[in-house]
Number of protein chains: 2
Amino acid sequence: MTDDTRTRLVRTARALIHGSSFAEVGIADLCREAGVHRGSMYHFFPSKEAVGLAVIDANWELLKALLEESFDTEAPPLERIDAFIGGFAGMLTAARGRMGAVPGCPIGNLALELSGRPGEASARIAEILTAWQRYFRDAVAEAVLGGHIPAGVDPDTAALRALAYLQGITLMAKAYDRPTLVAEARTAIRTLIQTPTP
Amino acid sequence: MTDDTRTRLVRTARALIHGSSFAEVGIADLCREAGVHRGSMYHFFPSKEAVGLAVIDANWELLKALLEESFDTEAPPLERIDAFIGGFAGMLTAARGRMGAVPGCPIGNLALELSGRPGEASARIAEILTAWQRYFRDAVAEAVLGGHIPAGVDPDTAALRALAYLQGITLMAKAYDRPTLVAEARTAIRTLIQTPTP
DNA sequence: GGTGCAGTTGACCGGTCGGTCAAGCGGTAG
DNA sequence: CTACCGCTTGACCGACCGGTCAACTGCACC
């Protein structure tokens, strides 16, 4: 309650949208849940789409925190990736406990919902996905240099594949409501990363 | 035009939803596009959700046709999977030509949008995903028996991983608007399938 | 000719949507 | 004291939402 009104709005919007979808969360719901009046919300955001963009950025900020924490260590590069996946799976299971169902990836959900439709959102999401890939790529590159991985591996495609698999398994985890799938992704992602690309 | 009204509704709904999302397609849009009057639509479907379910089934029917065509052959099992991925990628590139952007997987999109919310849709989608997996699983099992794949491979987890990767790379293809990513998925899925699971 | 029924038509409903706005609040600077 | 300003308040807007309904049409069956 000591929070900034704007902050409170973004935080509530984040939670509501993560629990369902951008389209399904109305301004009325958002304001009610955040304890903010309609007009007050429009004092901070010019439109609902602007709230959506703020939510995307907030999601990325949270995800980036986990990425930094997992990758900015002296652990061997492949273990950093494992650590990140563990943390990511942890976030999902925690969210499931909070909301009763696996909510899916905060970025991936919005990627499917907002990509390929007018507005800045799709570009922003593409940027975020490439930034995310970059963390994987750097770790893979370091693993190649360190000899933990065959030299034939291209860090960029390995990173793309790793993120794709993570997104896909998270989708399945949501569809089946089985968060453990994500934690088990470690081995599959290792094989994806360790296999040379022609 | 000689089509059944109901069929025309489902077909149009399929196209519209695939182009954006279930939530964004209104009854008004649907009826206008299909050339059907409001009340007429409600003669065939009790609710919008029912239309959604019909669309899910129609999507599955189309996908199943491609699956049957790819897997019900005498080609070596691993090549059947390749063939399917090729066909799937072809569908996406064709859709991109038609609609101007990669639309994503007709099932995966709805999986993320409708899973974990009240209604039969989520259960229906989970069924479809497992049915889809089954095609992969049978092919993998046959490949194990035929010795094309190490004996340590568990067909079920291999199939899960393959489908997860396909979904994930399709998500990325939509986000980046790069349909070629899906066609290139063949090699990654091969490595996922050929690696033994402990 | 009459009856029944699948299918059509389009006006209509209450509710909710995203968005606006004029008035009012407390604090602060002149 | 007053004038300004960031922020709040809640009534209000037209458009659109999913859904209803009574009247109507064409056709098959008796």
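A note on names: the letters A, B, ... follow the listed sequences, proteins ahead of strands, and every chain is numbered from 1.
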* To do: For Gly39(B), report the nucleic acid contact type (base, sugar-phosphate, nothing); a contact means any heavy atom under 4.0 Å.
  => base

* Could you tell me whether Val25(A) contacts a base, only the sugar-phosphate backbone, or nothing, with contacts defined as non-hydrogen atoms closer than 4.0 Å? =>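 Contact class for Val25(A): sugar-phosphate only.
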
* Taking the nucleotide of DNA chain C with the closest heavy atom to each, which residue, Arg38(B) or Pro46(A), is nearer the 5' end? -> Arg38(B)

* To do: Let me know, please, whether His43(B) or Ser47(A) comes out on the 5' side of the other along DNA chain C by nearest nucleotide.
  => His43(B)

Given atom [atom1] of [X] and atom [atom2] of [N], what is their separation to the nearest angstrom?
X	N	atom1	atom2	value
Lys48(B)	dC17(C)	NZ	P	13 Å
Met41(A)	dT9(D)	CE	C1'	15 Å
Ile27(B)	dT9(C)	CD1	C1'	17 Å
Leu9(A)	dC7(D)	CG	C1'	13 Å
Phe44(A)	dT9(D)	CZ	C1'	13 Å

* Describe, in one word, how the ring planes of Phe84(A) and Phe71(A) are oriented to each other, choosing from parallel (under 30°), tilted (30 to 60°) and perpendicular (over 60°). =>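 Rings of Phe84(A) and Phe71(A): tilted, 30 to 60°.
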
Among [options], find the nucleotide with the atom closest to the side chain of [X].
X	options	answer
Ala28(A)	dA11(C), dA6(C), dC17(C)	dC17(C)
Tyr42(A)	dT9(D), dT8(C), dG19(C)	dG19(C)
His37(B)	dG19(C), dT9(C), dC17(C)	dT9(C)
Asp29(B)	dG19(C), dT9(C), dC17(D)	dC17(D)
Thr5(A)	dT8(C), dG19(C), dT8(D)	dT8(D)

* To do: Mind listing the closest non-hydrogen atom pair of Ala75(A) and Arg80(A) along with its distance?
  =>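 For Ala75(A) versus Arg80(A), the nearest heavy atoms are O-NE, 2.7 Å.
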
* Could you tell me which non-hydrogen atom of Gly104(A) sits nearest to which non-hydrogen atom of His18(A), and how far apart they are? =>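 It is O-NE2, 2.9 Å.
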
* To do: State yes or no: do Val102(B) and Met91(B) share one hydrophobic cluster built from I, L, V, M, F, W and Y residues joined by side-chain heavy-atom distances below 4.5 Å, directly or via other members?
  => no

* Asked: Using a distance-only test with no angle check, is there a side-chain donor-acceptor pair under 3.5 angstrom linking Arg137(A) and Thr157(A)?
  ->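 Note: Arg137(A) and Thr157(A) side chains miss the donor-acceptor criterion.
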
